[in-house]
There are 2 protein chains.
Amino acid sequence: MSTSPGVLMAAEIAEQPAVLRGLLGDRATAIRAVSRAVAARKPRFVLLAARGTSDHAALYAKYLLEVRAGLPVGLVSPSTFTVYRARPDLRDVLFVAVSQSGGSPDLIDSVAAARGCGASTLAVTNNPASGLADAAEFTVDVGAGVERAVAATKTYTAELLTLYLVLAGLTGDDVSAATAGLADAAEATLAAHDAVLAAASRYRFASRLVTTARGYCYPTAREAALKLMETCYVSAQAFSAADLLHGPLALLDATVPVIAVTTPGLGAQAMKPVLAGIAERGADLLLVGAPDGLAVQTDGVGEELHPILSILPLQSLALQMAVGRGGDPDAPRGLKKVTETW
Amino acid sequence: MSTSPGVLMAAEIAEQPAVLRGLLGDRATAIRAVSRAVAARKPRFVLLAARGTSDHAALYAKYLLEVRAGLPVGLVSPSTFTVYRARPDLRDVLFVAVSQSGGSPDLIDSVAAARGCGASTLAVTNNPASGLADAAEFTVDVGAGVERAVAATKTYTAELLTLYLVLAGLTGDDVSAATAGLADAAEATLAAHDAVLAAASRYRFASRLVTTARGYCYPTAREAALKLMETCYVSAQAFSAADLLHGPLALLDATVPVIAVTTPGLGAQAMKPVLAGIAERGADLLLVGAPDGLAVQTDGVGEELHPILSILPLQSLALQMAVGRGGDPDAPRGLKKVTETW
């Protein structure tokens with residue numbers, strides 16, 4: 001337990017611009033070398049395996065790989081390998097495991113099984129000395145430095161940017177111009193703190209909450225919901241904007257606030273029918289990426305990189321809500337930093 | 001609006017054993033013929049596309065295909081095709097779209113795009129005269145008859161069994177013995193109604209709820225949560241048992257009831273650490289598939305077919321809870337029967 005509630009999480013949130021700069025600077029060459037080696041395998045299908053926060057980074061990679069690399073992608077249920085002992089034919093498959101700790105047995109076993117089934121295997125982890133890195137043929141270090149808060153923040157955005165850079169290496173794209181303003185935009189986004197405090201105060205007594213987004217920023221909705229669950233204990237549910245219309249819309253009313261991620265881009269444009277539906281249900285709506293909501297600095301940063309920015313005010317929101325409710329987000333009830341599942 | 005609340009949903013829940021018998025009887029030959037034609041394409045990867053309830057049937061198919069057919073599988077985000085206009089290389093890919101109505105534009109467009117990208121395409125739908133069936137090269141009719149209640153029930157279990165039969169056709173397995181007792185087991189499970197009424201009464205004032213399962217029955221947890229959201233407006237959250245440990249466990253306390261699906265099998269065995277974690281958090285726990293919980297008749301029915309049975313008491317629970325709260329599950333607020341998304 002830290003002496004001051006949330007001090008670790010606050011420090012790690014604040015470190016993110018520096019972590020991003022590190023990935024775009026010194027670490028970029030190593031990542032590019034690994035992704036070139038992976039590209040030489042000419043994968044035709046990608047499987048991604050992860051849990052918790054890292055699963056949202058994997059979901060981001062899924063959109064990127066499908067849209068930018070033209071590769072069909074699946075998110076793995078590790079139980080297929082570990083519980084049911086499936087041994088599928090994985091020739092021509094790239095199997096990517098994403099994990100902060102690299103320590104969860106089900107992921108390690110899945111990578112080992114996938115490798116045995118003919119897949120090329122890549123570990124994306126904050127611990128290159130982990131069991132996961134040992135099990136995989138290739139490893140990329142996300143380089144976020146030791147993360148001490150139970151609620152992952154800097155390792156999440158580091159995983160996102162690392163996966164973006166791995167993909168750029170696969171496709172051979174030069175992304176130096178696209179990423180030039182990213183770390184500064186992260187810094188500017190984190191500096192806009194007043195709206196976060198106001199939202200935290202407004203949600204002080206909320207026990208249920210819905211987050212939504214579409215496309216590249218859908219992982220932001222998922223990760224924000226997880227942060228709110230694990231630090232504030234609210235029933236926070238994330239829906240892709242389209243899925244929200246297929247049923248869950250009914251649960252919305254004036255007592256269930258909605259947080260919608262609408263940083264400018266095709267994903268936000270596709271959300272218009274959903275925002276109308278949310279308004280019809282009389283729900284309270286907070287827009288992430290709008291000047292009168294939680295502002296996100298995205299000038300000069302392409303939509304593909306927005307998820308690295310749009311999560312930032314929502315990490316701060318979870319922290320402020322948790323502390324405001326008397327909790328300590330550095331030590332959520334019932335959780336440890338490294339979760340081991342089988 | 002029906003005259004008596006939930007009368008349509010109740011009737012369609014009760015029809016399920018007959019629908020299952022129809023699929024195992026007259027319809028089985030047609031399904032087998034289609035799946036043989038699909039098998040001749042020798043797919044190496046499978047992509048599944050669906051929304052809402054049908055997405056849970058697709059998730060079931062994912063487990064089946066990975067474990068039984070040894071094929072890597074991905075669940076498609078339709079926005080990849082429709083919003084971001086991705087055109088991935090889908091040679092050797094089988095693209096399966098699952099939809100009750102076959103009418104949602106994003107699914108139809110995704111199938112058309114996938115076909116243009118070289119995939120073999122299969123529509124699994126309750127409407128073989130739909131736009132989805134037109135767009136796909138192959139179509140299987142799930143044969144549930146017209147579904148009038150907004151909350152899908154009989155089309156869900158019909159989709160599950162149809163997908164099971166399609167897979168059996170792909171692998172060439174004779175499943176007549178495995179499926180022999182299924183419809184009777186469904187009938188017996190639906191007859192055990194007292195425990196459902198007791199649970200509905202117990203949850204009368206719950207506004208938050210968690211469902212969990214692992215492996216083949218994880219789709220049951222997902223579908224139960226959706227039914228509870230759309231008919232009872234509760235914040236019902238489904239987690240795979242392993243994912244629950246990676247963060248969301250913190251939100252559990254004595255005020256958040258947990259429904260865990262534990263019909264006997266490898267999936268339920270793998271849930272033991274999670275059930276211990278739930279107990280530690282002091283949460284109220286209802287077991288689906290246990291004699292003192294919501295009983296499910298699974299004698300002689302293999303684990304792969306359990307999802308067709310384990311959802312049944314949970315459909316009834318959603319119906320009874322909705323009616324008990326003064327709602328009409330045949331006409332949930334804010335929803336229409338066919339949801340169109342882009």
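Every heavy atom of this structure was used, including side-chain atoms; hydrogens, water molecules and symmetry mates were not. Worth saying up front: this structure is predicted, and the values here are computed from it rather than measured.
- Residue A:Leu245 touches chain B through both its backbone and its side chain, counting heavy-atom pairs closer than 4.5 Å.
- When heavy atoms are compared at a cutoff of 4.5 Å, A:Arg85 does not approach chain B at all.
- Each of A:Leu209, A:Asp89, A:Thr255, A:Val150 has some count of heavy-atom pairs under 4.5 Å with chain B, and the biggest count is that of A:Asp89.
- With a threshold of 4.5 angstrom between heavy atoms, A:Arg281 approaches chain B through side-chain atoms but not through N, CA, C or O.
- Using a distance-only test at 3.5 Å, with no hydrogens or angles considered, a donor-acceptor pair links the side chain of B:Arg44 to the main chain of A:Arg91.
- A:Arg222 contributes no side-chain N or O that, together with a main-chain N or O of A:Ala238, makes up a donor-acceptor pair within less than 3.5 Å.
- No other option in A:Gly215, A:Pro332, A:Ala270, A:Pro78 has as many heavy-atom pairs under 4.5 Å with chain B as A:Gly215.
- The backbone N or O of A:Ser235 sits nowhere less than 3.5 Å from a side-chain atom of B:Ser235 that would complete a donor-acceptor pair.
- Only the side chain of A:Thr82 comes within contact range of chain B, with heavy atoms under 4.5 Å apart.
- Ranked by non-hydrogen atom pairs under 4.5 Å with chain B, the options A:Leu75, A:Val83, A:Leu71 are led by A:Val83.
- B:Lys42 has no carboxylate O lying under 4.0 Å from a charged side-chain N of B:Asp92, or vice versa, which leaves the two without a salt bridge.
- Between the side chain of A:Asp330 and the backbone N or O of A:Met9 there is at least one donor-acceptor pair closer than 3.5 Å.
- With a threshold of 4.5 angstrom between heavy atoms, A:Val274 does not approach chain B through any atom at all.
- Of the residues considered (B:Val67, B:Val73, B:Val338), B:Val67 shows the highest number of contacts with chain A, using heavy-atom pairs under 4.5 Å.
- A donor-acceptor distance shorter than 3.5 angstrom exists from the side chain of B:Ser104 to the backbone of B:Thr341, with no hydrogens or angles considered.
- Using a 4.5 Å cut-off between heavy atoms, B:Arg214 contacts chain A through both its backbone and its side chain.
- Contact annotation for A:Val93: only side-chain heavy atoms (C-beta onward) come within less than 4.5 Å of a heavy atom of chain B.
- At least one donor-acceptor pair under 3.5 Å links the side chain of A:Ser110 to the backbone N or O of A:Asp106.
- Neither the backbone nor the side chain of A:Gln269 comes within contact range of chain B; no heavy atoms are under 4.5 Å apart.
- Only the backbone of A:Val234 comes within less than 4.5 Å of a heavy atom of chain B; no side-chain atom from C-beta onward does.
- Both the backbone and the side chain of A:Pro248 come within contact range of chain B, with heavy atoms under 4.5 Å apart.
- With hydrogens and angles disregarded, no donor-acceptor distance shorter than 3.5 Å links the side chain of A:Thr263 to the backbone of A:His306.
- Residues A:Tyr156 and A:Gln315 approach most closely at CD2-NE2, 4.5 Å, considering heavy atoms.
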Full working for side-chain contact (heavy atoms from CB on, under 4.5 Å) between A:Leu252 and A:Val258: CA-CA 8 Å; A:Leu252 295 184; A:Val258 177; 3.7 Å; yes
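- Interface remark: B:Leu226 contributes side-chain atoms only to the contact with chain A (heavy atom separation under 4.5 Å).
- Taking both residues in full, the closest heavy atoms of A:Ala69 and A:Leu167 are given as CB-CD1, 3.7 Å, listed atom of the first, atom of the second, then distance.
- In this structure, the portions of A:Ala242 lying under 4.5 Å from any heavy atom of chain B include both its backbone and its side chain.
- Formation of a donor-acceptor pair under 3.5 Å by the A:Thr339 side chain with backbone atoms of A:Leu335 is not found in this model.
- Residue contact with chain B, scored on non-hydrogen atoms closer than 4.5 Å, involves the side chain of A:Ser240 exclusively.
- In the model, B:Glu159 has a side-chain atom that pairs as donor or acceptor with a side-chain atom of B:Ser54 under 3.5 Å.
- With a 4.5 Å cut-off on non-hydrogen atoms, A:Leu228 does not touch chain B at all.
- Ranked by heavy-atom pairs under 4.5 Å with chain A, the list B:Gly277, B:Gly74, B:Ala250, B:Cys232 is led by B:Ala250.
- Rounding to the nearest 0.5 Å gives a distance of 8.5 Å between OG1 of B:Thr121 and CG of B:Leu94.
- One finds the CE atom of A:Met271 at 9.5 Å from the SG atom of A:Cys217 (value rounded to the nearest 0.5 Å).
- When each of A:Glu230, A:Glu66, A:Met229, A:Gln237 is scored by its heavy-atom pairs under 4.5 Å with chain B, the top score falls to A:Gln237.
- Within the 6.0 Å centre-distance limit, the rings of A:Tyr216 and B:Tyr84 are counted as a close aromatic pair.
- A search for ring pair (Phe, Tyr, Trp, His ring centres under 6.0 Å) contacts involving A:Tyr233 returns nothing, not counting sequence neighbours.
- Along residues 56-64 of chain B, the residues that come nearer than 4.5 angstrom to chain A, judged on non-hydrogen atoms, are B:Lys62, B:Tyr63 in order of number.
- Neither the backbone nor the side chain of A:Glu280 comes within contact range of chain B; no heavy atoms are under 4.5 Å apart.
- Side chain of A:Glu303 to main chain of A:Leu266: a donor-acceptor pair is present (N/O by atom type, distance under 3.5 Å, no hydrogens or angles).
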Under the side chain to side chain donor-acceptor pair (under 3.5 Å) criterion, do B:Lys227 and B:Thr153 qualify, and how do the steps go? CA-CA 9 Å; B:Lys227 286 289 98 74; B:Thr153 54; over 6 Å; no
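- Top candidate by heavy-atom pairs under 4.5 Å with chain B, chosen from A:Asp253, A:Leu90, A:Leu249, A:Val256, is A:Asp253.
- For A:Thr231, no part lies near chain B; criterion is any non-hydrogen pair under 4.5 Å.
- Counting heavy-atom pairs closer than 4.5 Å to chain A, the top-ranked of the candidates B:Ala151, B:Pro273, B:Ser207 is B:Ser207.
- Heavy atoms closer than 4.5 Å to chain A are found in the backbone of B:Val76, but not in its side chain.
- In terms of heavy-atom pairs under 4.5 Å with chain B, the best-connected choice from A:Ala86, A:Ala152, A:Pro88 is A:Pro88.
- Of the two parts of B:Ala236, only the backbone, made up of N, CA, C and O, holds a non-hydrogen atom closer than 4.5 Å to a non-hydrogen atom of chain A.
- Listed for the A:Thr80 side chain is a donor-acceptor partner under 3.5 Å among the backbone atoms of A:Ser77.
- Counting heavy-atom pairs closer than 4.5 Å to chain A, the top residue among B:Arg333, B:Arg87, B:Arg68 is B:Arg333.
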